Every structure is written in C-alpha cells, then in structure tokens.
Amino acid sequence: MANADSLVVLDFETTGLSPDQGDRAIEIGAVRIENGRVTEHFQSLMNPGRRVSPFIENYTGISNELLKDAPPCGEVMAEFADFIGTSNLLAHNASFDKRFLDAELQRINKPYAGEFTCSLLVSRRVFQSAPNHRLGTLVDYCNIESTGDFHRALYDSQMTAQLWLAILASIRTTYQRSEIPFALMQKLCKTPKPGIARLLAVPS
DNA sequence: TGCCAGGCCCTCTTTAGGGCCTT
C-alpha cells in the first residue's frame, strides 16, 4: 500500500533523452522500499505509439516486436500512478526519470505528491573514490550481487534500490549512528523538504 | 543520415564552459 513513509525506486526505458523532443516511455520498472526492505515491485512495457530506433532496441533489448502488443503508455502510467500513490520517489539521475514521469502523468492528468531524490547525486558525496558514478559501476563498487542485466527498467530499479541501501549503510557506518541525522540527509540530498529526509533516516 | 536535453558540479569560475549521468 502506497504511503508517504515508503520509497518507490523507479526507472524508465524510453525512446530517447527528452520528452520535450517527443520522446516517450517504453518501460517502467519500480520497487517499493519500506523499513529498509524491498516489499513490492511493478514492471510493464508500454507501447509509445511509434517505432523505437535501432539504437534503443540495441541499448535496452526492447524491440519493436516486443512493444507491438504492449498496452499503451496511458494505461500503464495510470496503473503506475496508483502504485506510487503518495510515496516518495528515488531514481539514479532522477532529473531524467522525473522529466518522463512528469510528462507521462501530465498526459493522463494524474498528479503525484511524492518528493524525488537522486542516488547519483548522493553517491557522488558518499562514494567519492568510486571510479565513476554510473549505476553499473556503483553496483560493482558496493559489491552488490548482480547478473549484469542493466538497461531494463525493473532490473535497474532493483539495483538502484540495493545501491540506496548500501548508501544508507555507508552513512551509518561513517557517522556511527543507527539513525541518520535529519540535517545530514537534507545536506546529502540537497532538499529543503522534510518528507524525504524523514524517510531516509529510517533505522536499519 | 545524423543529431537532439537538462540538471548538477567542478574549475584554468561567477560577464563561462565543459564533463558527468540518464535513454
């Protein structure tokens, strides 16, 4: 059940980089974290109403053939809006996924109440010695078990969720606190809003 | 055929530019 105390980690596969340039979502994957554990997941392909490029087919493994019989974006996004409810939201490079979430939900006139935070931005502060801050690199860096099946929405959201739990564990270790100070999470997340910081401070 | 965006962050900065990330 969605609520303001759960965190939905989401990832979109899309036809390109910018909804402002006409790009659409082709897959949504998400997991819910509650009390430090993944409790639920959501995944669906969606038909964007146009053919995807060979680059995207190769990059994601999502072919035009796969999308041919997928439900339309509006139908899937309506279900996803119900899934996220009032939960707070997390993504790796959240500015990208937020743009697509905003664009797709605006098309079906579905608002959402959660606040976004970004595992990429926080990881740059917490894992400063990582070779880079791509999702796959950070999964290796944190010794998170992985099959390497990146660039699919559910898998990337699952890996982002595990990365997030690793980030929280690292902060707890660094500051030797079972609960992460509210002000510290606000600083790391660069958010002045109280909701996300309260959520992130959940004990392990 | 080839290209497209945008937010954050760093620095040889702030009257700016470019790399990193995401598909």
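As the structure is a prediction and not an experimental result, all values here were calculated from the model. Throughout, a chain's letter reflects where its sequence line sits, starting with A, and its residues are numbered from 1.
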Between B/dT13 and B/dG17, how many Å separate the two P atoms, rounded to a whole number?
12 Å
Pairs involving residues 58-76 of chain A, ordered by first then second residue, that meet salt bridge (charged side-chain N to carboxylate O under 4.0 Å, His left out) (sequence neighbours left out)
A/E65-A/K68
Value in whole Å for how far the P atom of B/dC4 lies from CD1 of A/I56:
15 Å
C1' spacing across the pair B/dC12 / B/dG18, given as an integer number of angstrom
12 Å
Interatomic distance where CG belongs to A/L17 and C1' belongs to B/dC20 [whole Å]
13 Å
Selection: residues 143-160 of chain A, any non-hydrogen atom under 4.0 Å of DNA chain B:
A/H151, A/D156
If the P atom of B/dC20 is compared with that of B/dG2, how far apart are they to the nearest Å?
24 Å
Partners meeting ring pair (Phe, Tyr, Trp, His ring centres under 6.0 Å) with A/H133 (sequence neighbours left out)
none
Please state how far atom NE2 in A/H92 lies from atom P in B/dG7, giving the value in whole angstrom units.
18 Å
Starting from C1' on B/dG19, measure out to CG on A/N132 and report it in whole angstrom.
12 Å
From the options A/Q162, A/Q158, A/R32, select the one residue that forms a side-chain contact (heavy atoms from CB on, under 4.5 Å) with A/V38.
A/Q162
Sorted by chain and residue number, the side chain to side chain donor-acceptor pair (under 3.5 Å) partners of A/Q128 (sequence neighbours excluded) come out as none
Tell me, please, which residues at least two apart from A/R51 pass side chain to side chain contact (heavy atoms under 4.5 Å, CB included).
A/N64
Going by side chain to side chain contact (heavy atoms under 4.5 Å, CB included), name the residues that satisfy it together with A/K110, two or more places apart in sequence or in a different chain.
A/A78, A/A81, A/D82, A/L105, A/I108
Is there a side-chain contact between A/M46 and A/R24 (heavy atoms, below 4.5 Å)?
no
A/Y141 and A/S129: side-chain donor and acceptor closer than 3.5 Å?
yes
Check DNA chain B against residues 62-73 of chain A and give the residues with a non-hydrogen atom under 4.0 Å, in numerical order.
none
Does A/T60 reach a base, just sugar-phosphate, or nothing at all? Heavy atoms under 4.0 Å.
sugar-phosphate
Roughly how far apart are A/M77 CE and A/S44 OG, rounded to 0.5 Å?
10.0 Å
Looking for any heavy atom pair under 4.0 Å, which part of the strands does A/D11 touch: base, sugar-phosphate only, or nothing?
sugar-phosphate
For A/F100, report the nucleic acid contact type (base, sugar-phosphate, nothing); a contact means any heavy atom under 4.0 Å.
nothing
Pairwise C1' distance, B/dT23 and B/dA16 [rounded to whole Å]
28 Å
Nearest-Å distance for atom pair CZ/P, residues A/R124 and B/dG19:
14 Å
Nearest-Å distance for atom pair CG/P, residues A/L121 and B/dG6
17 Å
Taking the C1' atom of each, how far is B/dT14 from B/dC9, in whole Å?
14 Å
Got a sec? Which of residues 19-27 of chain A come in under 4.0 Å of DNA chain B, heavy atoms?
A/D20, A/Q21
A/F12: partners by ring pair (Phe, Tyr, Trp, His ring centres under 6.0 Å), with sequence neighbours left out
none
Gap between atoms CZ and C1', on A/F55 and B/dC4 respectively (whole Å):
13 Å
Among B/dC9, B/dC21, B/dT23, which is the nearest nucleotide to the side chain of A/N93?
B/dC21
Please work out whether the ring planes of A/F55 and A/Y59 are parallel, tilted or perpendicular, with thresholds of 30° and 60°.
parallel
Hey, is the main chain of A/D20 close enough, under 3.5 Å, to the side chain of A/R99 for a donor-acceptor pair?
no
Using whole Å, what does the distance between atom C1' of nucleotide B/dC8 and atom NZ of A/K98 come to?
15 Å
Assign each of A/L120 and A/R99 to its nearest nucleotide of DNA chain B by heavy atoms, then name whichever residue's nucleotide is nearer the 5' end.
A/R99
Pairwise salt bridge (charged side-chain N to carboxylate O under 4.0 Å, His left out) hits with a residue in residues 135-162 of chain A, at least two apart
A/E27-A/R152
Residues that A/Y155 engages under ring pair (Phe, Tyr, Trp, His ring centres under 6.0 Å), provided they are two or more places apart:
A/F150
To the closest 0.5 Å, what do you measure between CD (A/Q43) and CG (A/D11)?
11.0 Å
Contact residues, residues 133-141 of chain A to DNA chain B [heavy atom, < 4.0 Å]:
A/H133, A/R134, A/L135
